[in-house]
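Each chain gets a letter, A, B and so on, in the order the sequences are listed, and its residues count up from 1. All values below were derived from every heavy atom in this structure, side-chain atoms included, with hydrogens, water molecules and symmetry-related copies excluded.
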Amino acid sequence: MTELRSDFMKMFVERGYMHQCTNIDELDAAFAKEPVTAYIGFDCTARSLHVGSLMQIMILRRLQQAGHKPIVLMGGGTTKVGDPSGKDESRPVITDEMIQENMDGIKKVFEKFITFGDGPTDAIMVNNDDWLSGLGYISFLRDYGRHFSINRMLTFDSVKLRLEREQSLSFLEFNYMILQAYDFVELKKRYNCSLQLGGSDQWGNIVNGTELGRRTNGFDLYGLTTPLLTTSSGAKMGKTAAGAIWLNEDMLSAYDYWQFWRNTEDADVGKFLKLFTELPMDEISRLESLEGAELNEAKKILANECTRLAHGAEAAEAAAETARKTFEMGQTADSLPSTEVPKADLEAGIPAFALFNQIGLAQSSSEARKLIKGGGARLNDEKIADEKLVVSLDHLDAEGRIKLSAGKKRHHLIIPV
RNA sequence: GGAGGGAUGCCUGAGCGGUUAAAAGGGACGGACUGUAAAUCCGUUGGCAUUGCCUACGUUGGUUCAAAUCCAACUCCCUCCA
């Protein structure tokens, strides 16, 4: 590999986004020479995206900053088929309405990170359902099916692993990679898009696309993948007690998002700063060289930066301030996640376990009881010793609220109304 | 088409008539220790309920006082033979 020339590729490698590339020299040259249009495909299986997709989102953002054009491809059509990569079972079929709803939610996430519009480097969002739904089966087979070798397809990990592992793979899913390859060609034709980005699990699908483009139209298409991200202790990114770390504020508060990053393992701080913030590299090296407890400062910066990107500067500051009050000053901050409870209910008294369940600090009453029994539940920072404790207006603090905590990190306010 | 094997809780995986809400490990949650870290150790881990009830071992029936465990049919999967 020769020295990289383009700013984008240099950044890409330096920051740790790089995993595999179909032709790094040519791609680098293209980036150095002219604006490149690139896309990443996203499933529409949920109303929001979570941190598992954040790396891809950041790449599109940086791509745009470097003067290139990002395309967000929503897999409205392919979602109906289901990607077999890395999955043991076929995906449940979801309805068109759900797909539309999910797309709307996902678009909101992207609007925070990249600029959409009609300008040359403005991002666009397209839905592959637009061209996939209208395909004629016979003509598609004749024009594109001929270019796919079954022998070859069977060697791709997404298919191979599934077959080796006794799980059945339906013909429907088998077609996923063909459709994704077709997407790439279609995007080249429509938008002169010549690069597909994606996670390393998409490598097979991406390569299929570049090859299909070359065979059918002689296109020069490129693929670039990012590494699969796990934490240093080997866990997949983005799962916690509360569930997935969603990027939409209506699914996960900015405070909780901030907390997620604040709780990063020591060993991951540098890596995450590079991937998920836009701090300059020398600043990052300084931060990651901090030792012991000082590394906590770096974690706060990480949390601030990440929250600022996803939810805005104001929300990030508020989350940081809330955390500071809660964890460092032992105060009860107004801005903790809160739930309004009718005054009348509190007057009558609510069993503590029911309340924990109601506000989401426990998934069920039983779980709440166990939490109390295990000594992990707190009311206004006092451990709840009595399993049958009834919470009432008597428990209001000086500010007229009640603070409930599950463990040392999860806090919630009850506001009587 | 023929012959065997399998389907268990979030996951892996024991159990093969009652003492089994179901071993063990993982994961997750809580506690201790710390730095809102990791590692380690301890506890919890179906739901509802002021100790009793309900739902659970692929689906549906059956045999039994009693079944995840036995029988039958069905569904799906695996292996070998043709």
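- Nucleotide B:A14: unpaired (no Watson-Crick or G-U wobble partner with both distances less than 3.5 Å).
- The phosphate of B:G30 (OP1 or OP2) has a side-chain N or O of A:Arg410 nearer than 4.0 angstrom.
- What separates CZ of A:Phe353 from C1' of B:U50 is a distance of 9 Å, to the nearest Å.
- Side-chain contact annotation: A:Asn248 with A:Lys108, donor-acceptor N/O pair under 3.5 Å absent.
- Across all strands shown, B:U50 has no partner, as no Watson-Crick or G-U wobble contact with both distances under 3.5 Å is found.
- For the C1' atoms, the distance linking B:G35 with B:U20 amounts to 44 Å, nearest Å.
- Between A:Arg369 and B:U50 there is a side-chain polar atom (N or O) within less than 4.0 angstrom of OP1 or OP2.
- Using the Watson-Crick or G-U wobble rule with both distances under 3.5 Å, B:A22 pairs with nothing in any strand shown.
- Remark: B:A67 base-pairs with no nucleotide; criterion is Watson-Crick or G-U wobble with both hydrogen-bond distances under 3.5 Å.
- For B:G1, the paired nucleotide is B:C81, the pair qualifying as Watson-Crick or G-U wobble because both relevant distances are below 3.5 Å.
- Screening A:Ile114, A:Asn127, A:Ile40 for a side chain to side chain contact (heavy atoms under 4.5 Å, CB included) involving A:Val72 leaves a single residue, A:Ile114.
- Listed pair A:Lys408 / B:A32 meets the phosphate criterion, a side-chain N or O lying under 4.0 Å from OP1 or OP2.
- Taken residue by residue, residues 311-334 of chain A places heavy atoms nearer than 4.0 Å to RNA chain B at A:Ala323, A:Phe327.
- Partners of A:Ser253 by side chain to side chain donor-acceptor pair (under 3.5 Å), not counting sequence neighbours, listed by chain and number: A:Asp256.
- A:Lys409 has its NZ atom 12 Å from the P atom of B:A28, to the nearest Å.
- Distance CZ (A:Phe260) to P (B:A37): 14 Å, rounded to an integer number of Å.
- Looking at A:Leu279 and A:Ile301, their side chains come closer than 4.5 Å, going by heavy atoms from C-beta outward.
- B:A72 and B:C54 have their P atoms separated by 31 Å, given to the nearest Å.
- Contacts of A:Glu186 classified as salt bridge (charged side-chain N to carboxylate O under 4.0 Å, His left out), with partners at least two apart in sequence or in another chain: A:Arg190.
- For the pair A:Glu291 CD and B:G35 C1', the computed distance is 13 Å after rounding to whole Å.
- Taking the C1' atoms as reference points, B:A14 lies 28 Å from B:G62, given to the whole Å.
- Mapped onto RNA chain B by nearest heavy atom, A:Ala406 and A:Ala267 fall at different nucleotides, with A:Ala406 at the one closer to the 5' end.
- For the C1' atom pair drawn from B:C10 and B:C29, the interatomic distance equals 13 Å after rounding to whole Å.
- Taken residue by residue, residues 371-379 of chain A places heavy atoms nearer than 4.0 Å to RNA chain B at A:Leu371, A:Gly374, A:Gly375, A:Gly376, A:Arg378.
- Under the ring pair (Phe, Tyr, Trp, His ring centres under 6.0 Å) criterion, A:Phe42 pairs with A:Phe110, sequence neighbours left out.
- Nearest-nucleotide assignment on RNA chain B puts the 5′-proximal partner with A:Lys383, out of A:Lys383 and A:Thr264.
- With both ends at atom C1', the span from B:G25 to B:C81 equals 38 Å, rounded to whole Å.
- Atom P of nucleotide B:A37 and atom NZ of A:Lys300 are separated by 13 Å, given to the nearest angstrom.
- Across the strands present, B:C74 finds its partner in B:G58; the criterion is a Watson-Crick or G-U wobble pair with both atom distances under 3.5 angstrom.
- Applying the side chain to side chain donor-acceptor pair (under 3.5 Å) criterion to A:Lys403, with sequence neighbours excluded, gives A:Asp381.
- B:A24 and B:G47: their C1' atoms are spaced 24 Å apart (whole Å).
- For B:C29, the paired nucleotide is B:G43, the pair qualifying as Watson-Crick or G-U wobble because both relevant distances are below 3.5 Å.
- Among pairs with a residue in residues 280-291 of chain A, those fulfilling salt bridge (charged side-chain N to carboxylate O under 4.0 Å, His left out) read A:Glu283-A:Arg286, at least two apart in sequence or across chains.
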(request) Give the B/S/- string for nucleotides 42-48 of chain B, one per nucleotide from 5' to 3', where a protein heavy atom under 4.0 Å of the base yields B, of only the sugar-phosphate yields S, and otherwise -. (result) --SS-SB
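- Remark: A:Lys300 does not engage A:Glu305 in a salt bridge, criterion side-chain N to carboxylate O under 4.0 Å.
- Annotation: side chain to side chain contact (heavy atoms under 4.5 Å, CB included) contacts of A:Gln331 (sequence neighbours excluded): A:Lys325, A:Met329.
- Atom-to-atom, CD of A:Glu294 to C1' of B:A37 comes out at 14 Å; the value is rounded to the nearest Å.
- With sequence neighbours left out, A:Tyr17 forms a ring pair (Phe, Tyr, Trp, His ring centres under 6.0 Å) with A:Phe12.
- The distance between atom CG of A:Leu295 and atom P of B:G35, rounded to the nearest whole Å, is 14 Å.
- Partners of A:Glu347 by salt bridge (charged side-chain N to carboxylate O under 4.0 Å, His left out), not counting sequence neighbours: none found.
- Nucleotides B:G13 and B:G26 are separated by 11 Å at their C1' atoms, to the nearest Å.
- Base contact: A:Gln259 has a heavy atom under 4.0 Å from a base atom.
- Base pairing analysis places B:G35 opposite nothing; no Watson-Crick or G-U wobble pair with both distances below 3.5 Å involves it.
- Here B:G35 presents its P atom at 20 Å from CG of A:Asp268, a figure rounded to the nearest Å.
- One N or O on the side chain of A:Asp397 and one on the backbone of A:Gly400 form a donor-acceptor pair closer than 3.5 Å.
- On the P atoms, B:A73 is 30 Å away from B:A21, given to the nearest whole Å.
- Not counting sequence neighbours, A:His395 has no partner by the ring pair (Phe, Tyr, Trp, His ring centres under 6.0 Å) test.
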